Amino acid sequence: MTLPLPDWQQQLASLTKMPDGFCVVDAQGLLLGANEAFCTLAGRTQEVMLGRSFAELSLIDSTPALMAEGNYRARWQRPDGSRINVEISSRRNGNGTTLCWVHDITDLITATQAMRRSQAFFEFLIEANALIARADEADGLYRDICALATRLDERIVLAWVGLLDPATGKLGVVAHAGPASGYIDGIFVSIDPDLPEGRGPGGRAMRENRLVVINHFDRDTTTQPWHERAQRHGITANASLPFCRAGKPIGALLLYSSEPAIFDQELARLLSELSTTLSHAIDYFAQRNVARLAAEALRQSERRHRLLADNVRDVIWVHDLQTQRFTYVSRSVEKLRGYTAAETLQQSIQDALTPESTALVARLIEEDLNAWDRGDYSPRTIEVEQRCKDGGTVWTEIATQIVEDEETGHLQVFGVTRDISGRRAAEHRFQEVWDLTTEGIAMIDDKGILVLVNRRFHDVLGYPEGYLAGHTMLEFLAPEDKAHFGERFQEIASGRRRETRDARYTLLHRDGHRIVVLLSATHRYDDNDRYIGSVGMVTDISALMATENELRKNLAHQQELNTKLEEAHNQLLQSEKMASIGQLAAGVAHELNNPIGFVHSNLGTLDTYLRDIFEIADAYEAAEAAMGDSCPALDHIRALKEHKDYSFLRQDIDQLMAESKDGLQRVRKIVQDLKDFSRVGDTHWQWTDIHQGLESTLNIVWNELKYKSAVTKHYAQDLPQIYCLPSQLNQVFMNLLVNAAHAIEPVEGKLGEITITTRRLSEDAIQIEFRDTGKGIPEENLKRIFEPFFTTKPVGKGTGLGLSITWGIIGRHQGHIDVQSTVGVGTTFTITLPVQGGQADAITASGDAVSPAPTFPS
């Protein structure tokens, strides 16, 4: 004899080859079984995992999380040290176990993290360059760069800037940011290679003038002097990048991470770019300070002005607009262009500038002179390309001011020329990064017009490079996204929205197909806090969205299958339970029939015997009367009859026999109803009298009803028999009657009422209606009452399967059930059944012909 497998083993056997992991956990959180996919995900064999909890296996932080139903994500640690990200769906089983489905989402998480990391890197580079462009002095820039670096990645817990003290060779802290700032308290970092503190990453970066990365701080011998300090503050990796003034390192920016190996090749390249840009900013501050000193000297005296102007790196000059000649040029022009000051004085503007710059200067001078005449002139700063003596060119920034010479009355242009070739080179490198980045980047002005768009953005939309500038984003958005984008832009432009928030939009490609993108924007404001535009990063996530949609569909399908499997399983359990109860009831009824039979037979025989005895007693009484009172032998009998109240006994015996027969008949009726309700083995479709089924069910559940409600029956006289599964319909009647009784709460001893009505709708259909005066069903629950496991009863009082099974049985009979309810008034369930609705199902199941329906008088 083969014993059936437990429910969870049957489920496990059916899901052994499924691609996703599946396991069964008992009520204590111990693993009962798992399929092959689950073992692969966990990195262990099933034999190793059986009988152990997830906490013991170090798969997740706590076992109780798996005991609750729901979906959640976790990170698993496998024996080989690898980690995977999984999504777990847990469902309680009816037998006390928990079913868990596990899906590997490592690739999805990795792709998402890589996308966000790339986006964060380029936003950092853009913001760093914006900080440098806005900075007025080095100390403030150092503080801002440190703060920005710690926002680049949450794992960067410390950033500090150290400036070199040439006398001691030590880096002194001038700015810092981050939660691990306590690390730098009393820190000693040197550039002397003979000292242990000089052989670390900071000293090496300064000596070698390059980025130095230590991705495993505690394993590197050069970081030994700071191991204990780093361990105390949770530091595991470091990146040190130097910055220079005039090509010579003067300090370093040091970044520290709480996670090893964070400084990968991409981040290292970005930090190297930052180092170069920062160095150019330091040079710019130095030059600007000199220029300020020069301007101040000019205001004090001509002599001191000339002395200082001739010794600064910036070129100071004066140009007479009437003679079109330079009247003064500082000696620093020779370092800039290769021409001496004397040679430059002999040159015209056309000689000093390239043709394009000459045309630009001529146009601007004309505009400035017109403004001078109108009285609204203001100084300006422009960038021009100048000719050098060696035949090359150099880019310069010129700050100009028109003044009137007191001696000659001529208008003159006073100017300061600064070498910006380094900055232009940095901008060129930034442009290369801008164009080569894998993300689309665009800059819009305060009107929403695209003013700067990189190559990748053009590729995303399929347009040639340079086409998009001058257009608006609205032109390329899908119709359904235009309104949202327009509203959001108006909020930003008006100042009602300041924060940066990622948003998904659909763009239209040049060829017409749709592209889903993730848009991240940083907004720009001027010194008066007015909005001047935004810089946005666009990431094409069409492929990722397609993958996510496919995964979502697969998950939904899997969950649907799981729900159906669980529903079928629980309905099977309920059916098996009802079958077991029915079999037990039929057995009890069968066993009761035997003693009822012989008790009934004995009562009949006893009644006959009593009649005979009473006949004999009547004869004795006749003889007694004939003998009269003179017979002393009868005196004792007469006294005994008087004492025992013979006449009452004879009368009462007849009543007792009648009541016993009536009680026995009632017991036989209950036993017969119990047998009719249980219908053991009755799985065949047959013609059945619905009224008989209702009566049998009422007798069975009467104990549930009699203390709460009265039952009123309105049975149709012309109701035909219907072709059905009688035992299943009896279960439907029982579910509805018991639910009605539970819904009724007697008030002040007054019972509620349950009304059962049957009616014949047509030749082909009948209707059964159950109406109660219970508390009713709230509207929000009315649409869910037929869902499996949905119940409003307290825990332990209901399974939530009664009405679900009722729905399934009525559906199998090709009928339907309707419900109407009013809170505080009551509920009505109406069942409509076809007279011959089960015939098709019966023929399909058995292949046998179905007997015709019996005829009834109309």
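What you are looking at is a predicted structure, and each value in this text was computed from that prediction instead of being measured.
- Closest approach of L751 to Y707, counting heavy atoms only: CD2-O, 3.3 Å.
- Between the CD atom in Q686 and the CD1 atom in I722 there is a gap of 11.0 Å [rounded to 0.5 Å].
- V819 places a side-chain heavy atom less than 4.5 Å from the side chain of T827.
- Contact record, Q46 with G33: OE1-CA, 3.3 Å, taken as the closest heavy-atom pair.
- Qualifying ring pair (Phe, Tyr, Trp, His ring centres under 6.0 Å) partners for Y505, counting only residues two or more places apart in sequence or in other chains: H484, F485.
- Shown are L31, L30, D26; of these, the side-chain contact (heavy atoms from CB on, under 4.5 Å) with S53 is made only by L30.
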Between N781 and R784, does a side chain to side chain donor-acceptor pair (under 3.5 Å) hold up when you go through it step by step?
CA-CA 5 Å; N781 294 336; R784 302 187 58 196; 5.7 Å; no
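- Distance check, rounded to the nearest 0.5 Å: OG1 of T822 to CD of E779 gives 10.0 Å.
- Partners of H103 according to the ring pair (Phe, Tyr, Trp, His ring centres under 6.0 Å) rule, which considers only residues two or more places apart in sequence or in another chain, do not exist here.
- Between I810 and H816, the shortest heavy-atom distance links the atoms CG2-N, 3.4 Å.
- The two atoms that bring S89 and N71 nearest to each other are OG-OD1, 2.8 Å, heavy atoms only.
- Under the 30°/60° scheme for interplanar angles, the aromatic rings of F733 and F770 are found to be tilted.
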Show your working on side chain to side chain contact (heavy atoms under 4.5 Å, CB included) between I831 and L736 and close with a plain yes or no.
CA-CA 11 Å; I831 300 172; L736 295 178; 3.6 Å; yes
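- Distance CD/Q559 to CZ/R91: 6.0 Å, rounded to 0.5 Å.
- Side chains of R75 and N85 form a contact here, defined as non-hydrogen atoms less than 4.5 Å apart.
- Proximity of K713 to E695: side-chain heavy atoms (C-beta onward) are separated by under 4.5 Å at one or more points.
- Side-chain contact between I809 and L725 is absent, with no heavy-atom pair separated by less than 4.5 Å.
- In this structure, T773 contributes its side chain and G752 its backbone to no donor-acceptor pair below 3.5 Å.
- Counting only heavy atoms from C-beta outward, the side chains of H813 and W685 approach each other to under 4.5 Å.
- Rounding to the nearest 0.5 Å places NZ of K708 at 7.5 Å from CD of E745.
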Can you check side chain to side chain contact (heavy atoms under 4.5 Å, CB included) on L705 and L698, steps first, answer last?
CA-CA 9 Å; L705 306 181; L698 280 169; 3.9 Å; yes
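- Here the shortest heavy-atom pairing between L518 and R504 reads CD1-CG, 4.1 Å.
- The distance from the OG1 atom of T758 to the CG atom of L719 is 5.0 Å, given to the nearest 0.5 Å.
- Nearest heavy atom pair, residue G815 against residue L833, reads CA-CD2, 4.3 Å.
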Mind running side chain to side chain contact (heavy atoms under 4.5 Å, CB included) on V25 and L32 for me, showing each step along the way?
CA-CA 5 Å; V25 180; L32 295 177; over 6 Å; no
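- No side-chain heavy atom of T688 sits under 4.5 Å from any side-chain heavy atom of L729.
- Between H691 and Y715, the ring-plane angle classifies as parallel under the 30° and 60° cut-offs.
- No side-chain heavy atom of N735 sits under 4.5 Å from any side-chain heavy atom of F829.
- To the nearest 0.5 angstrom, S696 atom OG is 9.5 Å from D689 atom CG.
- Put simply, the side chain of L477 does not reach to within 4.5 Å of the side chain of T506, judged on heavy atoms.
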Evaluate the side chain to side chain contact (heavy atoms under 4.5 Å, CB included) criterion for residues L551 and I105: first the C-alpha distance (whole Å), next the side-chain angles of each, then the deciding distance (0.1 Å), finally the verdict.
CA-CA 9 Å; L551 288 174; I105 58 171; 5.7 Å; no
